[in-house]
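We number each residue from 1, following the sequence as shown.
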Amino acid sequence: YLRLTCAILFANKRLIFTVALVISILTILVAFFFPPVYFLQGTLLVTSKRIEPPPESVAQKIPSKVVVPPTKEDPMLETRIITSYDLVHLAVQKLYDAKEISVNPPGPLQALFRNYIGGPIQSLMASLGSKNAAPPLTPVDVLTQKVVSHLTPLVMPGSNVIDIQLVYDD
């Protein structure tokens, strides 16, 4: 049987190499030409909260050990905090300053549009005194807007668990 198998393989070696080459080329093309998609997922458990005494009673040095179990509204409030623009902007700014993330420069068509169409329109709006003329966005602002738009929090029904997902293409 071994002799017969070897004879069949050697007889069809051109077909085997051709199929392997086509599959390899297709794999390389997919790897280089399809944009990468990043999927991040996290789970947050909302636990009990400790009540802090008001600032007036701090002078009395009364320790606070009052612990309140979470309410049904607490996961929703945490969701709003997590997806707030300011918190995401702060996180993106820290990562950008630490050079852990980078912002892709605009493509040639975007740069052409911004320089020859968008720029003159913004300057015209500003000269006419339009209140809608927005200042140009920094790269961190653009990345923050993208992250906030792709951030999906989901409160698990009947629990204090928040599932957070970020699906982001490059």
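- In this structure, P75 and T79 approach most closely via the heavy-atom pair O-OG1, 2.7 Å.
- Scanning all heavy atoms of the two residues, the minimum distance from L87 to I81 falls at CD2-O, 3.3 Å.
- Neither side chain, Q145 nor D141, offers a donor N or O lying under 3.5 Å from an acceptor on the other.
- Nearest heavy atom pair, residue L166 against residue L151, reads CD1-N, 3.9 Å.
- Looking only at distances, no side-chain donor or acceptor of H89 sits under 3.5 Å from a matching main-chain atom of Y85.
- The heavy-atom pair separating V148 from T83 by the smallest distance is CG1-O, 4.3 Å.
- To the nearest 0.5 angstrom, L9 atom CG is 9.5 Å from L4 atom CG.
- Taking all atoms of both residues into account, the shortest heavy-atom contact from N160 to T71 is OD1-O, 4.3 Å.
- You'll find the side chain of Y168 reaches within 4.5 Å of the side chain of L143, heavy atoms only.
- Here L154 contributes atom CG and M156 contributes atom CE; the two are 5.0 Å apart, rounded to the nearest 0.5 Å.
- To the nearest 0.5 angstrom, K94 atom NZ is 13.0 Å from I101 atom CD1.
- The side chain to side chain contact (heavy atoms under 4.5 Å, CB included) with L21 is formed by just one residue from the set V19, I25, T18, I23; it is I25.
- Smallest separation of non-hydrogen atoms from D163 and G42: OD1-O, 3.2 Å.
- The structure places CD of E78 at 9.5 Å from CD1 of I164, a figure rounded to the nearest 0.5 Å.
- Atom CG of L40 and atom OG1 of T152 lie 11.5 Å apart (nearest 0.5 Å).
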